[in-house]
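Single-structure report; data block below.
These values consider heavy atoms only, across backbone and side chains, with no hydrogens, waters or symmetry-generated copies.
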Amino acid sequence: MILQTFDLSGKVAMVTGCNTGLGQAMAIGLAEAGCDVVGVNRSEPVEAARLIEGLGRTFVDIRAELGTVDVVDQVMSQALERVGQVDILVNNAGIIRRNDAIDFTEKDWDEVMDVNLKSAFFLSQAVAKQLISQGCGGKIINIASMLSFQGGIRVPSYTASKSGLAGLTRLMANEWAKHGINVNAIAPGYMATNNTEALQKDEVRNAEILNRIPAGRWGKPEDVAGPCVFLASDAAAYVNGYTLAVDGGWLSR
């Protein structure tokens, strides 16, 4: 039965940045599909933990600042100590700094690249080693962006990091598919979260954005949950190295 290929019962998903917004929605979606969840966050994910445990799933709360690779071994050891395995990784944690490219600082460049790209790669590397040792394959899902395809303005390090993440998705897929590891990415469009609240309240920018989206609305966090479950499941067993835009048609316009 096709629906059985979406069943994630018995799997453990590690989701970074799942205390709010898209990360929380994806973590809950994975739990609804059967996963226990390891949340890696800077702050306590109170609501995510409550909702996931309310589904009868285990939620493991790990605190880490993902701006340094020094925490990767600690994150992995804590996760394996608590739940014994990792089958799925969702690299969702990310930050953004805004300034004109002509004035952009090295500090703002390095901070964004360290969290969005460097830590995502080295956490993926650690999870891939674990998946290979487990011998059952697994899934790595990177959260890319519209700026994996477009240049944007006033976000040079964010654009570079998300473009780089799309490239790393392809590279990791090329190298790790032979181990049964599917590496793919999701590129969310304009999503109605706390991070975009200012844009939503700006009447001019809000109208410009909506006029560009064929679906005629902002995305909701739950709009990325289904694609995440799909890429984490056996239904996507032959999907490798692809960045899936979940954008209401933004890129098509």
Side-chain angles (χ1 to χ4, degrees), residues 14-24 26 38-43 62-76 79 89-129 139-176 181 183-191 193-196 198-199 224 228 231 241-247 251:
M14 178 181 289
V15 184
T16 67
C18 68
N19 54 330
T20 61
L22 304 186
Q24 182 183 111
M26 289 185 287
V38 175
V40 183
N41 299 278
R42 290 185 299 177
S43 56
I62 297 178
R63 307 292 172 76
E65 290 283 350
L66 290 173
T68 171
V69 299
D70 296 340
V71 303
V72 169
D73 288 343
Q74 168 198 338
V75 167
M76 290 300 298
L89 170 65
V90 180
N91 281 310
N92 172 70
I95 61 173
I96 192 168
R97 298 285 184 269
R98 299 181 187 276
N99 203 355
D100 293 337
I102 200 75
D103 297 317
F104 212 77
T105 67
E106 182 180 12
K107 180 175 183 291
D108 283 345
W109 178 273
D110 288 344
E111 287 181 352
V112 171
M113 296 296 283
D114 284 349
V115 174
N116 294 10
L117 190 61
K118 186 176 180 180
S119 72
F121 172 74
F122 283 102
L123 188 56
S124 295
Q125 181 189 72
V127 168
K129 289 178 180 178
K139 313 287 184 176
I140 296 175
I141 303 166
N142 297 315
I143 303 307
S145 167
M146 291 294 96
L147 298 186
S148 299
F149 303 97
Q150 301 173 320
I153 56 171
R154 305 192 77 245
V155 286
S157 56
Y158 188 83
T159 298
S161 69
K162 293 301 186 179
S163 296
L165 195 58
L168 279 179
T169 297
R170 293 188 289 269
L171 176 136
M172 293 187 290
N174 289 342
E175 293 196 16
W176 297 341
I181 301 171
V183 186
N184 293 288
I186 295 171
Y190 280 90
M191 295 286 165
T193 66
N194 54 351
N195 287 337
T196 60
L199 282 177
V224 299
C228 182
L231 291 176
Y242 188 72
T243 298
L244 173 62
V246 182
D247 64 350
L251 290 176

Euclidean distance, [Y] [atom2] relative to [X] [atom1], rounded to 0.5 Å:
X	Y	atom1	atom2	answer
Y158	R98	OH	CZ	8.5 Å
I95	D114	CD1	CG	8.0 Å
I143	T243	CD1	OG1	10.0 Å
T68	F122	OG1	CZ	10.5 Å
D103	D108	CG	CG	11.0 Å
N142	L165	CG	CG	4.0 Å

Is the side chain of [X] donor-acceptor paired with the backbone N or O of [Y] at a distance under 3.5 Å, no angle test?
X	Y	answer
N41	C18	yes
T159	G151	yes
D247	P188	no
S148	S145	yes
N92	G17	yes

Inset, instruction - Go through the steps for N184 and L244 under the test side-chain contact (heavy atoms from CB on, under 4.5 Å), then give the verdict. - result: CA-CA 8 Å; N184 293 288; L244 173 62; over 6 Å; no
Between [X] and [Y], what is the shortest heavy-atom contact and its length?
X	Y	value
P156	A101	CG-CA, 4.3 Å
G164	L117	C-CD1, 3.6 Å
V115	G94	CG1-CA, 4.0 Å
W109	F104	N-CE2, 3.5 Å
N19	S43	ND2-OG, 3.1 Å
V112	S161	CG1-OG, 4.0 Å

Inset, instruction - Please report the C-alpha distance between S124 and V183 in whole Å, then the side-chain angles of each, then the deciding distance to 0.1 Å, and finally whether the side-chain contact (heavy atoms from CB on, under 4.5 Å) criterion is met. - result: CA-CA 9 Å; S124 295; V183 186; over 6 Å; no
Inset, instruction - Run the numbers on V155 and I96 for side-chain contact (heavy atoms from CB on, under 4.5 Å), then give the verdict. - result: CA-CA 7 Å; V155 286; I96 192 168; 3.7 Å; yes
Inset, instruction - Could you go through the side-chain contact (heavy atoms from CB on, under 4.5 Å) check for K162 and N116 one step at a time? - result: CA-CA 7 Å; K162 293 301 186 179; N116 294 10; 4.2 Å; yes
Is the shortest side-chain heavy-atom distance between [X] and [Y] below 4.5 Å?
X	Y	result
C228	I186	yes
M172	F121	yes
L251	M146	yes
R42	L66	no
T196	M191	no
M14	M76	yes
S119	V72	no
I62	V38	yes

